[in-house]
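In what follows, every chain begins at residue 1, and chains take the letters A, B, ... in the order their sequences are listed. Heavy-atom basis, side chains included; hydrogens, waters and symmetry copies ignored.
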Amino acid sequence: MAKDFVTRAENYSEWYNELVVRADLAENSAVRGCMVIKPYGYAIWEKMQKALDDMFKETGHQNAYFPLFIPKSYFEKEAEHVEGFAKECAVVTHHRLRAKADGTGLEPDPGAKLEEELIVRPTSETIIWDTYRGWIKSYRDLPILCNQWANVVRWEMRTRMFLRTAEFLWQEGHTAHETLDEAVEETKKMLEVYAYFAEKFMAMPVLKGYKSPNERFAGALDTYCIEALMQDGKALQAGTSHFLGQNFAKAFDVKFLSKENKLEYVWATSWGVSTRLMGALIMTHSDDEGLVLPPNLAPIQVVIIPISKGEEQKAMVDKEAERLCAELKAKGISVKYDNRDSYKPGWKFNEYEFKGVPVRITLGARDLEQGLVEIARRDNLTKETLPVEGLTDKIEKLLEDIQANLYNKALAFRENSTREVDSWEEFLVEIEKGGFLSCHWDGTPETEEKIKEITKATIRCVPLDAKEEEGKCIFSGKPSNKRVVFARAY
RNA sequence: CGGGGUGUAGCGUAGUCCGGUUAUCGCGCCAGUUUUGGGAACUGGAGGUCGCAGGUUCGAUUCCUGCCACCCCGACCA
């Protein structure tokens, strides 16, 4: 067990916070609610970015960049959008500082007050749609399929590293289409991209679905989402894809001439995932020994740790390590040879275990003389001794096994934590245990609101694959034709 | 913003009630030596405006007043 490390059972949120810091992923900064993402954590984010960015490009999108600052008046143009974001906006009011009269520091120069305040973007729909107006005149200009990688600011009251920070990194796709159908298709397509990424790269099973009106994005007609289940039984919204209808086109007057020579408003979507995925990744797989990373996102997939006595043995081990590194790299496997002599092997074992490195090779002189090495896997903490001959093929296979095992384990957990609940009494009991509760709901915001008030549970989504089924709302008893998923959420 | 709590070295802490020489200990850090199969040992060393500002006092980390910051519980969180 990792030294002085709190277990999940003892205190789940402390476990999470400590893990983030001790695994060297991130730390709190001097700025309230903002974190510093450290190199090891950022390397994971970069791998996420790369995989997602490739998929965005494959589906026809291009990257662009829009300003950090948004004129306040833009926000006023879409009523629901303002409503949703106004309470958490950082506002720029001045563009210059001056020395205070009493010499105690600096203050905003009143002479440099902005005519119109600028909002630090909490999301970019408004500035982007203001820009799109100039780009779109004809149906021939459509579709526009843009994505941007950016930082955004939402002045949250309470923050937690990666899960909810005042500033976070994300990507936001903003597309413009000729028809409603095309926009809806795009919304769903990107949801599929997110789900694929979550499952294949993060080894995290997700529910695909759409939000109830209460949980929709401010300004959207429909919000599709992927929902994941964390080990403490709470749900985490891992990505959203919004069908925005013509709301933003109307607010920003974005019209085009159709083939029929009619002036029409453009149809819109937006979709995003953020550094919150880092939190999801951590909470899906990690254990009481520290971080567990799926091979497809691990910055270091294999670490090699040497053990030797004396110069002669050291030379032998070094030579073998070099050969192994070259072979693994040739297969596209990222490998680190940690030959620092300032730490002992046992220390290194713990270090890499805590940091979630999927596979460790212990290259010991004693075993090596017999042509053997020890392989340890992080996911199930098992070890075996194998011939060094033909090792790289086995490692390659092992990484695939680990990736699959992590997914299967997470899937089994989710399935065991998902159950159908058909009465209010049962709901009150089951919601305390955590997990996804599949229930009938009468479809009204009032019922959802009541349930939230009483139990803190919300509708995470209406699953896309929900079956048609006669039933009664668990709260009101009114008729319902499909089950929705309730959970307490992050 | 309401309720509760905490500020002493990079981290974790003792001391403060009842003011008094050089502020305690552990981890970590630096140097050297010996070590290396699950978080090495020894020796030496560096590191402190005791959250900030006033006040009381011969003397304040300790007492008083004000302020600030952070944490927890609520409120808030497409």
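We find that CD1 of Ile375(A) is positioned 17 Å from P of G38(B), with the value rounded to whole Å. If you take CG of Leu363(A) and P of G38(B), they are 16 Å apart, rounded to a whole angstrom. Atom OH of Tyr343(A) is separated from atom C1' of G39(B) by 11 Å (rounded to the nearest Å). A straight line from CG of Asp338(A) to P of G39(B) spans 16 Å, rounded to a whole angstrom. For the pair Met316(A) CE and G37(B) C1', the computed distance is 13 Å after rounding to whole Å. Protein atom CG of Asp341(A) is 14 Å distant from nucleotide atom P of G37(B), rounded to whole Å. Regarding Glu18(A), its CD atom lies at a distance of 15 Å from the C1' atom of C71(B), rounded to whole Å. Note: CD (Gln313(A)) to P (U35(B)) measures 13 Å, nearest angstrom.
A distance of 6.0 Å or more separates the ring centres of Phe66(A) and His174(A). Residues His61(A) and Trp271(A) place their aromatic rings such that the two centres sit under 6.0 Å apart. If you look at Phe427(A) and Phe475(A), their ring centroids are not closer than 6.0 Å.
Within 4.0 Å (heavy atoms only), Ala220(A) reaches no atom of the nucleic acid at all. Within 4.0 Å of Arg22(A), counting heavy atoms only, lies at least one base atom of the nucleic acid. When heavy atoms are screened at a 4.0 angstrom cut-off, Thr362(A) is found touching base atoms of the nucleic acid. Residue-level contact check: Phe85(A) touches the bases, meaning some heavy atom is under 4.0 Å from a base atom. Here Gly84(A) lies out of heavy-atom contact (under 4.0 Å) with every strand. Arg360(A) comes within 4.0 angstrom of a base, heavy atoms only.
When Watson-Crick and G-U wobble pairs are counted only if both distances are under 3.5 Å, G44(B) pairs with C30(B). Summarising the base pairing, U62(B) is matched to no nucleotide, lacking a Watson-Crick or G-U wobble pair whose two defining distances lie under 3.5 Å. For C67(B), the paired base is G51(B) (Watson-Crick or G-U wobble, both distances below 3.5 Å). Using Watson-Crick or G-U wobble geometry with both donor-acceptor distances under 3.5 Å, U36(B) finds no partner in any strand shown. U16(B): no Watson-Crick or G-U partner with both key distances under 3.5 Å is found in any strand. Within the shown strands, C73(B) is the pairing partner of G2(B) under the Watson-Crick or G-U definition, both distances less than 3.5 Å. Base pairing analysis places U24(B) opposite nothing; no Watson-Crick or G-U wobble pair with both distances below 3.5 Å involves it.
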Could you go through the side chain to side chain donor-acceptor pair (under 3.5 Å) check for Asp442(A) and Thr444(A) one step at a time? CA-CA 6 Å; Asp442(A) 64 19; Thr444(A) 68; 2.8 Å; yes
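Within the structure, a side-chain polar atom (N or O) of Lys456(A) is placed less than 4.0 Å from OP1 or OP2 of G74(B). In terms of phosphate contacts, Lys344(A) brings a side-chain nitrogen or oxygen within less than 4.0 Å of OP1 or OP2 of G37(B).
Within a 6.0 Å radius of NZ in Lys188(A), other residues, nucleotides and ligands contribute 12 heavy atoms or fewer.
Remark: the separation of the C1' atoms in A9(B) and G4(B) is 29 Å, to the nearest Å. Of the C1' atoms belonging to G59(B) and G19(B), the separation is 8 Å, rounded to the nearest Å. Look at the P atom in both G10(B) and G2(B): the space between them is 33 Å, to the nearest Å. Taking atom P on both nucleotides, U56(B) is separated from A46(B) by 38 Å, rounded to a whole Å. On the C1' atoms, C64(B) is 11 Å away from A60(B), given to the nearest whole Å. Look at the P atom in both U61(B) and C50(B): the space between them is 6 Å, to the nearest Å. Across C63(B) and U16(B), the matching C1' atoms stand 10 Å from one another, rounded to whole Å. Between the P atoms of U49(B) and C58(B), the separation comes to 28 Å (whole Å).
In this structure, of G38(B), C77(B), G37(B), it is C77(B) that holds the atom nearest to the side chain of Lys87(A). Distances from the side chain of Pro345(A) to the nucleotides C77(B), U36(B), G39(B) place U36(B) closest.
By the 4.0 Å N-to-carboxylate-O rule, Arg98(A) lies close enough to Glu107(A) to be salt-bridged with it.
Comparing His242(A) and Glu353(A) by the nucleotide of RNA chain B that holds the closest heavy atom to each, the one mapping nearer the 5' end is Glu353(A).
Residues passing the side chain to side chain contact (heavy atoms under 4.5 Å, CB included) test with Leu428(A), sequence neighbours excluded: Trp424(A), Ile454(A), Thr455(A).
Residue Lys383(A) places a side-chain atom within donor-acceptor reach of the base of G38(B), judged by atom type and a 3.5 Å distance cut-off alone.
If you run ring-ring contact (aromatic ring centres under 6.0 Å, His included) between His81(A) and each of Phe252(A), Phe217(A), Trp129(A), only Phe217(A) comes through.
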